[in-house]
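As C-alpha cells, the structure follows; a few thoughts come after it.
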Amino acid sequence: DDARLSSELLGMDGASYGRYKSLRGDWDFGDFTLTVQRVQSDPFAPPSRVRVLVPDAGIPESAWADPVRRRATADYLGRRARGLLQGSLLKIDTGGQEVIERSSCRLTDGGVELRIGIDLPGHGRRIDGRTAERELCRTLPALVDDLAWEEVDAAEAEAFADSVADTVALRDQLADRGLVAFVADGAVLPRLSGVSDRPMADGAVPFDSPESLRVGVDLPHRGAVSGMGVPEGITLIVGGGFHGKSTLLHALERGVYDHVPGDGRELVVTRDDAVKIRAEEGRRVERVDVSPFVRNLPTGADTSDFRTENASGSTSQAANICEAVEAGSRTLLVDEDSTATNLMIRDERMQALVHGDREPLVPFIDLVRPLRREHGVSTVLVMGGSGDYFDVADQVIMLDAYHPHDVTERASELARGRTDADFEAPRARVVDPDSVDDTTARGRGRIKRRDMDVLVFGESDVDVRSVEQFVDPGQIVGAGLALRRLVAGRHLDGTRTLTEALDSLEEALAVKGVTLLGDDFGGDYVLPRRFEVAAVLNRLRTLRVADQRRGG
Ligand code: ADP
Ligand code: MG
C-alpha cells in the first residue's frame, strides 16, 4: 500500500484540493497501518487527522503491563515523537510539565498507536502532492522506525517511568498515613514566570520541611525520601506577603498530577480528590443546596435549592464548595488571594454592627470544622491577612522567606473559643440529561475550546477560566467529550444522582481508557478528572437539574 499511496499522492499533484478526500481509509505499510480519518476541506481548515497503528514496536512488557508505566512510557514516546517531527507538517499533541493520559500517543501490548494532525499541503486550492508524499510516505515511516524500542534511549524511558511510578506510589500512601499532601525536601516549587510552568531557573529556594512535620517515605525506585506531610484536618498556611504562600498552594493544586523528571515537583503530591476553591463572580448556579453557607436571603429565595444566572463572589464560592463535595472531593484548597472575604471571615466588630438575622452568609470559618468532623473534608487554606482561623486550625505552617516553619503552638496560644455552625449534608442533584447536549443549531455535534478560557459545547460557551486545575488544553476538550459521554453512555440517565453518574463514568474510563471519550473525534484530548467534568457541567448555561435528593 505504501507504494500505492505514494503514486496516488504524486498523481494528485496540482489537482483541486478536494481530491485529498479520496485518501480516507486504511493504508497498509507493512509494519504499521496508516488510517486517514479526516480530511480538511481546504488548506485553512483545522488540520486533517491520521491514525498510525504500529502493532509491534518491540516495547518490552515491563513498560506496558502496569497501567502507570504504560501511561508514562506513552507520554515519553509522545514527547520523542514531537521532537522528531520538528519542522514537519505532522503535529502530535504532547503535555507540558504534567504526565496525563492523552489520545495522541497510546501503547498497545508491545506496540504504539498515534493520532496525528497534518496540514495537508496546497498551492492555493491545488494539491501539493510532492510535499504530501514526502510527509506521509517518508517522514511518517521514519518516525515509526525511530519509535521502535531499539532506537529509543531505553534507560531514559525507564527513568521517566520510574519517576512517574514513584509519584503515584507516594500519592497512594497519603491516605494510609493520614496525610492530604506531601512536599519532598529539595522540591522546587516556584515557576519560571506567570506564563511558564517550567521550574524557576535561578535563585529558587528548595523546599525544606520543618522537623515536626517531617515524614519519611520509601519509594519503589528512589528509595527513602523525606519531606513535609500535610496532615488531614485544617491546615493554615500563613506568612508575610511575598513569602511564598501562594506558590506552595499552587504546587499542591498541581500535586494531583504527575510531573516530568526535572520539573522540581515530581515528589509534591496531593490526594487526587483535592479541588481548588475560589470565588467566581458571575457564574451560573443551577439548583445547588448552598444552605449551609447562605441562609435567609433578602429576596426570600430558598437557598437549599438555589439558582442564579449571576452569582455574587460569596455565593459562587459557596456553590463551588458544595459542588466539589457533591463531586466527591474530600480535600479543599483555598487561597485568600482568590476568595470572597465576606464568605471567609466576619470579625467581632462587624458582628456587633450587622446582626446575625441581617446577615445571610455563614462564613467558612464556622463551617470548616463541621465539614471535617461530619463529612471528612480536609482544608488547606492560605491566609496571611487574618488570625481568626487560628481558632479552628489543626496545624499552622508559616512561610518565612520560602522556608516553612511549624507555628501551630504559637498560633493556638493566640486562638480563641469559637462556636461552629451546622453543616447538614447538601442535597444531591439529579441532572436532566436532555439539558446536556452538544448539538448545534445545524444539527452537528460541536466540542472545541478557545485557549484555556472557553469550552464550546454545542451552542454554549462554558467559561472555564476559574477552573484552575485545568492544566492542559486537551483536558478542556476531554471534559467536553466526557459530558457528551455522560449522556451517550447513559451514566446520566435522569435517575442517577450526579455523584453516581460521575462514579459510573469513572469506572468505564478506568476500563477503556481515554479513547472511550471519542475514538473518532477529530482532535486531541486529554483525560479530565471527575472534578473538572463536574465543573464544566455546573457551568453549562443550559444545565437543568430535574430533582434533588436528601442524604445523597
Ligand atoms: P505570597 O502568596 O506569600 O504573597 P507568592 O507565593 O506569590 O507569595 O510568592 C512571591 C514570589 O516569590 C513569586 O514571584 C514566587 O515566584 C517567588 N517564590 C516563591 N517561592 C519561592 C522559592 N521557594 N524560591 C524562590 N522564589 C520563590
Ligand atoms: Mg499569595
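One-based numbering, in listed order, for ligands and for the atoms of each.
- Not one N or O on the side chain of Glu532 forms a donor-acceptor pair closer than 3.5 Å with the backbone of Val467.
- Only the backbone of His243 comes within 4.0 Å of ligand 1, counting heavy atoms alone; no side-chain atom from C-beta on gets that close.
- Side-chain contact of Asp524 with Ser104: a donor-acceptor pair under 3.5 Å is absent, judged by distance alone.
- Heavy-atom minimum distance, Phe182 versus Val215: CE1-O, 3.8 Å.
- Of the possible donor and acceptor atoms, none in the side chain of Gln475 sits under 3.5 Å from a partner among the backbone N and O of Ile100.
- Protein contacts to the Mg ion (ligand 2) involving N, O or S atoms at a distance below 2.8 Å are Ser246 OG, Asp337 OD2.
- When heavy-atom distances to ligand 1 are checked against a 4.0 Å cut-off, Met200 comes that close only through its side chain, counted from C-beta outward.
- More than 12 heavy-atom neighbours from other residues, nucleotides or ligands sit within 6.0 angstrom of CD on Gln351.
- In Pro190, the part holding a heavy atom less than 4.0 Å from any atom of ligand 1 is the side chain.
- Judged by distance alone, with hydrogens and angles left aside, the side-chain atoms of Arg465 form no donor-acceptor pair with the main-chain N or O of Met452 at under 3.5 Å.
- Applying the 4.0 Å criterion to heavy atoms of Ala204 picks out, from ligand 1, the atoms 24 (N), 25 (C).
- A side-chain N or O of Ser312 and one of Thr315 form a donor-acceptor pair less than 3.5 Å apart.
- Under a 3.5 Å cut-off, the side chain of Glu280 and the backbone N or O of Ser466 do not form any donor-acceptor pair.
- At least one heavy atom of Gly241 sits under 4.0 Å from some atom of ligand 1.
- Taking a 6.0 Å sphere around CZ of Arg214, one finds it holds more than 12 heavy atoms contributed by other residues, nucleotides or ligands.
- Distances below 4.0 Å separate heavy atoms of Gly240 from the following atoms of ligand 1: 3 (O).
- Counted by atom type alone, Asp258 and Thr167 present zero donor-acceptor pairs between their side chains at under 3.5 Å.
- Taking the six-membered ring for Trp and the full ring otherwise, the centers of Phe423 and Phe364 sit at least 6.0 Å from each other.
- When only non-hydrogen protein atoms are considered, atom 24 (N) of ligand 1 lies nearest to Val205 N, 2.8 Å.
- Looking from atom 8 (O) of ligand 1 to the surrounding protein, the closest heavy atom is Gly244 N, 3.2 Å.
- Contacts with ligand 1 closer than 4.0 Å are made by heavy atoms of both the backbone and the side chain of Phe242.
- When the options Gln97, Glu98, Arg254 are evaluated for a side chain to side chain donor-acceptor pair (under 3.5 Å) with His259, the one that passes is Glu98.
- Summary of contacts: the protein heavy atom closest to atom 17 (C) of ligand 1 is Tyr402 OH, 3.7 Å.
- Of all protein heavy atoms, the one closest to atom 5 (P) of ligand 1 is Thr247 OG1, 3.6 Å.
- Nearest to atom 7 (O) of ligand 1 among the protein's heavy atoms is Ser246 CB, 4.0 Å.
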